[in-house]
Amino acid sequence: MRKRPQPEASSSSSSASKSEPQASDEQIKTGSSNDIHVRSAKRSGLAWTVAFAAFVYATYGVYYYQYEHMPPPLTADQAGKRGFSEFEAIKHVKALTELGPHPVGSDALDRALQYVLAAAQKIKETKHWEVDVEVDFFHAKSGANRLVSGAFMGRTLIYSDLNHIVLRIQPKYASEAAENAILVSSHIDTVFAAEGAGDCSSCVAVMLELARAMSQWAHGFKNAVILLFNTGEEEGLNGAHSFVTQHPWSTTIRVAIDLEAMGIGGKSGLFQAGPHPWAVENFAAAAKYPSGQVTAQDLFASGAITSATDFQIYKEVAGLSGLDFAYTDKSAVYHTKNDKLDLLKPGSLQHLGENMLAFLLQAASSTSLPKGNAIEKEGKTDHETAVYFDILGTYMVLYRQGFANMLHNSVIVQSLLIWTASLVMGGYPAAVSLALTCLSAILMLWLILLALGNFYKIGSTFIALFWLVPPAFAYGFLEATLTPVRFPRPLKLATLLLGLAVPVLVSAGNFIRLANVIVAIVVRFDRNPGGTPEWLGNVILAVFIAVVLCLTLVYLLSYVHLSGAKRPIAIASCVLFVLSLILVLSGTVSPFSEDTARAVNVVHVVDASGKFGGKQEPSSFIALYSTTPGKLTKEVEQIKEGFVCGRDNVVDFVTLSMEYGCLTYDGTEGGWSQSDVPTIHVESEGFGVMDTKGNDNGRITKVSIDMKGSVRWSLAIDAEEIEDFTFKEGSEELVPQDGKSGMDGWHIIQFSGGKNAVSKFDLDLYWAKNSTKSYHNANRKEKQRPLLKLRTDFDRLTPKTERVLSKLPAWCSLFGKSTSPQTLSFLNSLPVNF
C-alpha cells in the first residue's frame with residue numbers, strides 16, 4: 001500500500017498566507033517561542049462617524065417619541081358622551097387663566113371657585129339617570145399641619161377659612177359603593193405671580209372633563225369616585241390636609257390620585273406611586289399612553305427637588321396608597337408669569353385625560369381595592385413596592401421589588417462568576433485584556449452601580465441592569481473566543497449596535513429629560529438669594545452630562561481610538577466647545593428669554609423691627625433679588641430707580657435670607673401706613689407653672705400677636721431658647737404643647753387663609769431649661785438674636801413697586817412659592833431681653 005505524500009511545510013504556509021484576506025481586524029504572528037504579537041488594523045473614520053450619528057439620532061428619537069409625541073386632541077363629537085375631549089377641557093383652562101393669578105385670600109380665587117362650582121352643577125344636571133352625582137361646597141375650619149419629611153419638614157403650617165369643591169360620583173342603586181372610594185385631587189389656587197395654566201388649571205380642567213365622562217359610566221361602578229378641587233396647596237398643602245382631617249367622605253377613601261404640574265403641558269408622567277402597588281399595577285394595565293418613571297420617584301424622594309405635593313398628605317397623614325402625576329414640560333416657567341395658556345402643548349390634556357379615564361373605569365369596577373390606611377394597617381414592606389418605567393410611552397414595564405432583588409442578585413453573581421472563570425481559564429492574557437479593555441472596565445462600573453442600587457433597594461437600579469446585560473450579552477455572543485488570543489481588539493460594529501439598542505431604548509429619554517429638569521432647577525436654585533455660588537448650577541449640569549457620557553458613550557471609545565478619524569474628531573470637538581463658549585460669553589445665546597424668564601422678586605419692605613423691637617420709626621425700602629444665581633447688574637441698569645446691589649444688603653425674610661440683592665430707599669414712603677405694621681406684645685411672664693399632669697413647665701411667656709389684617713404670614717421662634725409652644729386662635733388651641741422640631745435653630749410657623757381669616761393670635765412660649773437667656777440673666781448683653789421674627793405679607797402694589805415692575809426687563813418674571821414674600825411685606829421682632 002502506497003503512503004500518501006505529505007505537503008512541505010513551506011508550501012503549506014504559503015498557501016495559508018495566500019488564502020488570508022488582505023485586510024483584517026487583527027493579524028497574529030507566532031514565533032518559535034510561542035510569543036503572541038497582535039497588530040490591530042485601523043477602523044474607517046466614516047464607519048465611526050456613521051455609528052456615532054446613528055447613536056445620537058436614535059437617542060433623540062427615543063426622547064422625542066417618549067416625551068414629545070402627543071395624542072391628537074379630540075372634539076366633543078369625536079370623544080362622545082363617554083369619552084374625554086381636550087377641546088372641552090381647554091375651555092376650562094381658558095376660563096380660569098383669564099381670571100389672572102388667584103392665590104389664597106384673593107377675590108380672583110373666589111371667582112375661580114364659583115366657576116368650578118357652576119361646572120360641577122352642570123355635570124350633575126346632565127348625568128346618566130342611573131348615576132348619582134353629589135356636589136359639596138366645603139368650608140374648612142382652622143387647622144394645623146406638621147409634616148415629618150419633605151420640603152416642609154420642621155415647619156408648622158396653619159390655615160383658616162379655606163373653601164373646596166368636592167364631587168362624589170357613584171351608581172344610584174348601589175349605595176354600598178359609597179363605602180369604598182377612589183380620590184382624584186388637584187388644586188384651584190395659584191401663586192401670586194402666575195395665572196397657573198399649567199399649575200394647576202390644566203389639572204382642574206382634566207378633572208372636570210373626567211367627571212363629565214364618568215357621570216355617564218358610573219352606573220356600572222362598584223366603588224365611588226371622589227373628585228377634590230381644593231385650595232391652599234400652594235401655601236403648604238393645606239387644602240388636602242383640611243379635607244382628610246375634616247370632611248366626612250375622607251374616611252371612605254381607599255386610594256388617592258393626585259394631579260400636579262411642575263411645568264406646563266407635555267405628557268403627564270407618574271412620578272410617585274405606592275406604597276401599595278395595587279394602583280400602579282392597575283394603571284400600567286389600563287392606561288392607553290402609560291408614562292411614568294421610578295427614576296423620577298427616586299429623584300423626588302432624595303430631596304434634590306425641593307418641592308411637595310398633596311400626595312404627601314394622603315400618604316403621611318391619611319395613610320393612603322396611590323399615584324402622583326405631574327406635567328413637567330417647560331419646567332423653567334414654573335410659578336412665573338410664563339405659566340400661561342399659550343405655552344400649553346396640544347395633546348397634553350388628551351394624554352392625561354385618556355389615561356386617567358381608562359384607569360378610573362377599571363379601578364372603580366374593581367372588587368379588590370386596598371384597605372384604608374394601607375401603610376399602617378397592612379404593614380407593607382420594601383419587597384412589595386413597585387419598580388416601573390415606560391417604553392416609548394406605549395408600554396409600561398412593572399415588577400415588584402422582591403423580583404427586582406432576585407433578578408439583580410442573579411445578574412451580579414453570574415457576572416462575577418463569568419469574570420472569575422475568564423481570569424482562571426485565560427491566565428495572564430485574560431487579566432491583561434480585562435485591565436486594558438474599556439468595555440470590561442465600564443461593564444465592571446455598571447456592575448458596581450447595580451450592586452449598590454440593589455443593596456439600598458433603589459428603583460432606578462434597572463438602568464444599570466440594562467446598561468450591563470445587553471452589552472455583555474452582545475460581546476459574549478459576537479466577540480467571545482476560546483483561542484489564546486485575548487488581547488484587546490477592535491469591536492465589531494454589529495456588537496455595538498446589538499449591545500446598545502436596548503439600553504438606549506430604555507434610558508436615553510430619561511437622561512435627556514433629567515438634563516432638562518436640572519436646567520429648570522437652576523433657574524430657581526438659590527433658596528437663600530446670594531447664598532449659592534453662581535457657578536454651582538453650571539457645574540452640577542456639566543458633571544451630570546459628563547457622567548452620563550462617560551457611562552454610555554464609552555462603548556464607542558474603541559472606535560474613536562482605532563479610527564483613522566481620531567485627530568479630526570478631537571479637533572472638531574475642541575472647535576465645537578470653543579464656539580459654544582464664545583456664543584455664551586458674548587451674549588449671542590442668551591440664558592433667558594421672555595418665555596423662559598429669570599426668577600426675581602420685587603418686595604416693598606417695611607422693617608419695624610429696628611434693633612429687635614426698638615422704638616424708632618419703621619424703615620421702608622424696595623428689595624430686588626433673584627433665586628437664579630448670579631448678579632443683577634443688567635437688570636438694575638435697565639430699571640434704574642436708585643437700586644444699589646451687594647452682599648451688604650442682607651434682609652431676613654424669616655423663611656429665607658437675602659444674602660445678595662439690590663435695595664432702594666427712594667420714594668418708598670407711599671402705599672402703606674403705620675396701621676399695617678404687625679405688633680408683638682408680651683402679656684405676662686410665669687415661673688414654675690404646673691401643667692395638668694403636675695409637671696413643672698419652668699418659665700412661660702405669653703405673647704399676643706396682631707397681624708393687622710394680613711392673611712399670609714410667617715413666624716420664627718428661637719429654638720435655642722424655646723423648647724415648646726402652644727398657638728391659639730381665640731379660645732381654640734391650634735398647635736398643642738407636644739414637642740417641636742426645628743430647622744437651623746428655628747421653629748417656623750407659616751399661615752395662610754381666606755379673606756375672612758382671623759389675624760389675632762396668642763402664643764405661649766415654654767423656655768428651655770438650659771436657656772442662655774434665663775430670667776436672672778435677662779439684663780445681660782448677649783448676641784443680637786431675636787426671640788421671635790415675624791413677616792406679614794400683602795398682595796398689594798405700592799406706587800414705587802408698581803413703577804419698578806413696569807420697568808422689569810422682559811427676561812425677568814416674579815417668582816412665587818410658599819416661603820417667598822409677596823409684593824408688600826412688614827417685618828417685626830421680639831428681642832430675647834424684652
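Residues: numbered from 1 along the sequence shown. Everything numeric here is computed off the predicted structure, so don't read it as measured data.
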Between K760 and D762, does any side-chain N to carboxylate O distance fall below 4.0 Å? no
With a 3.5 Å cut-off and no angle check, do the side chains of Q737 and T726 form a donor-acceptor pair? no
Does the distance from a Lys or Arg side-chain N to an Asp or Glu carboxylate O, for R598 and E635, drop under 4.0 Å? yes
L109 and T231, any side-chain heavy atoms less than 4.5 Å apart: yes
Under a 3.5 Å distance rule, please check whether Q312 uses its side chain to pair with a backbone N or O of S149 as donor and acceptor. yes
Show which side-chain atoms of residues 675-682 pair as donor or acceptor with protein atoms under 3.5 Å away, not counting sequence neighbours.
residue: S675; atom: OG; partner: S673; partner atom: OG; Å: 2.8
residue: D676; atom: OD2; partner: S673; partner atom: N; Å: 3.2
residue: D676; atom: OD2; partner: R796; partner atom: NH2; Å: 3.0

Show the numbers, then the answer: is there a side-chain contact (heavy atoms from CB on, under 4.5 Å) between T801 and L824? CA-CA 9 Å; T801 307; L824 176 60; over 6 Å; no
I'd like to know if the side chain of Y660 reaches the main chain of L632, judged simply by a donor and an acceptor atom lying under 3.5 Å from each other, with no hydrogens or angles considered. yes
Please test H102 against E195 for side-chain contact (heavy atoms from CB on, under 4.5 Å), starting from the C-alpha separation and ending with a verdict. CA-CA 7 Å; H102 34 281; E195 63 186 37; 5.8 Å; no
When you measure from the side chain of S710 to the backbone N and O of T792, does any donor-acceptor pair fall under 3.5 Å? no
When every non-hydrogen atom of C200 is compared with those of S186, the smallest separation belongs to SG-OG, 3.4 Å
How about H747 and F725: are their ring centres within less than 6.0 Å of each other? yes
Decide, yes or no, whether a salt bridge links K755 with D161 under the criterion of side-chain N to carboxylate O below 4.0 Å. no
Kindly indicate whether the side chain of I717, heavy atoms from C-beta on, has any atom under 4.5 Å from the side chain of L763. yes
Any chance NZ of K337 has more than 12 other-residue heavy atoms, nucleotides or ligands included, within less than 6.0 Å? yes
Looking at every heavy atom in both I748 and A716, which two are closest together, and how far apart are they? CD1-CB, 3.6 Å
Any donor-acceptor N or O pair under 3.5 Å, side chains T798, W672: no
Hey, does L113 have a side-chain heavy atom less than 4.5 Å from the side chain of I188? yes
Counting C-beta onward and ignoring hydrogens, is there a side-chain heavy-atom pair between N601 and L624 closer than 4.5 Å? no
Side chain proximity check, P786 to D718, heavy atoms < 4.5 angstrom: no
Any donor-acceptor pair under 3.5 Å linking the side chain of Q246 with the backbone of K141? yes
Measure across V606 and P618 and return the closest heavy-atom pair with its distance rounded to 0.1 Å. CG1-CB, 3.8 Å
Nearest heavy-atom neighbours spanning L656 and P529: CD1-CD, 4.1 Å
For K702, is there any backbone N or O sitting under 3.5 Å from a side-chain donor or acceptor partner on D764? no
Answer yes or no: is there a donor N or O on one side and an acceptor on the other, between the side chain of T245 and the main chain of H241, under 3.5 Å? yes
dist N238:CG -> I158:CD1 (nearest 0.5 Å) comes out at 9.5 Å
Quick test of your reading of the model: are E659 and R647 salt-bridged, counting only N-O distances below 4.0 Å? no
Go through the steps for V605 and F653 under the test side-chain contact (heavy atoms from CB on, under 4.5 Å), then give the verdict. CA-CA 9 Å; V605 180; F653 283 108; 3.7 Å; yes
Can you tell me if N828 and S609 form a side-chain donor-acceptor pair at under 3.5 Å? no
Scanning both residues in full, the closest heavy-atom pair of F229 with L208 reads CZ-CD2, 3.7 Å
Are the charged groups of K769 and E723 less than 4.0 angstrom apart, N to O? yes
Are N230 and D310 linked by a side-chain donor-acceptor pair shorter than 3.5 Å? yes
Lys/Arg-Asp/Glu bridge criterion (N-O < 4.0 Å) met for R168, E134: yes
Please report whether the ring centroid of W713 lies less than 6.0 Å from that of F761. yes
N/O donor-acceptor pair under 3.5 Å between S820 side chain and G816 backbone: no
Could you walk me through whether F826 and K708 satisfy the side-chain contact (heavy atoms from CB on, under 4.5 Å) test, starting with their C-alpha distance in whole Å, then the side-chain angles of each, then the deciding distance to 0.1 Å, before giving a yes or no? CA-CA 10 Å; F826 294 84; K708 297 300 180 75; over 6 Å; no
Taking the six-membered ring for Trp, are H164 and F243 ring centroids under 6.0 Å apart? no
Short side-chain to backbone donor-acceptor contact, S201 and L96, under 3.5 Å: no
Spacing of L808 atom CG and I639 atom CD1 [to the nearest 0.5 Å]: 5.0 Å
Could I get the full list of side chain to side chain contact (heavy atoms under 4.5 Å, CB included) partners for D793, not counting sequence neighbours? R712, R791, P821, Q822, S825
Any non-hydrogen side-chain atom of V804 less than 4.5 Å from a side-chain atom of F643? yes
Any side-chain heavy-atom pair of V832 and R785 under 4.5 Å: no
Would the number of heavy atoms belonging to other residues, nucleotides or ligands and lying under 6.0 Å from NZ of K728 be above 12? no
Counting N and O atoms only, with roles assigned by atom type, does the side chain of S626 sit under 3.5 Å from a partner on the main chain of A599, one being a donor and the other an acceptor? yes
With no hydrogens and no angle check, do the side chains of D199 and H335 hold a donor and an acceptor under 3.5 Å apart? yes
Between D526 and T532: side-chain donor-acceptor atoms closer than 3.5 Å: yes
Give the intermediate values and the outcome of salt bridge (charged side-chain N to carboxylate O under 4.0 Å, His left out) for residues K800 and E641. CA-CA 9 Å; K800 180 69 172 184; E641 294 295 333; 2.7 Å; yes
I need the T309 OG1 to E260 CD distance, nearest 0.5 Å. 6.0 Å
I'd like to know whether CZ of R803 has more than 12 heavy-atom contacts from other residues, nucleotides or ligands below 6.0 angstrom. yes
Show, in sequence, the C-alpha distance, side-chain angles and deciding distance for E683 and S704, and conclude whether the side-chain hydrogen bond (donor to acceptor under 3.5 Å, both in side chains) test is met. CA-CA 7 Å; E683 297 290 341; S704 63; 2.7 Å; yes
As a quick check of understanding, evaluate salt bridge (charged side-chain N to carboxylate O under 4.0 Å, His left out) for R146 and D738, giving each step before the final call. CA-CA 12 Å; R146 281 192 310 227; D738 57 359; 2.5 Å; yes
Would a distance-only check, ignoring hydrogens and angles, find a side-chain to backbone donor-acceptor pair under 3.5 Å from D189 to G232? yes
Please work out which of the three classes, parallel, tilted or perpendicular, describes the rings of Y665 and F621, given edges at 30° and 60°. tilted
Of all heavy-atom pairs between A240 and Y314, which one has the smallest distance, and what is that distance? CB-OH, 3.5 Å
S142 and S160 side chains, donor-acceptor separation under 3.5 Å: yes
If you define the side chain from C-beta out and look only at heavy atoms, does anything of E316 sit under 4.5 Å from N145? no
Restricting to salt bridge (charged side-chain N to carboxylate O under 4.0 Å, His left out), what partner residues turn up for D744, sequence neighbours left out? none
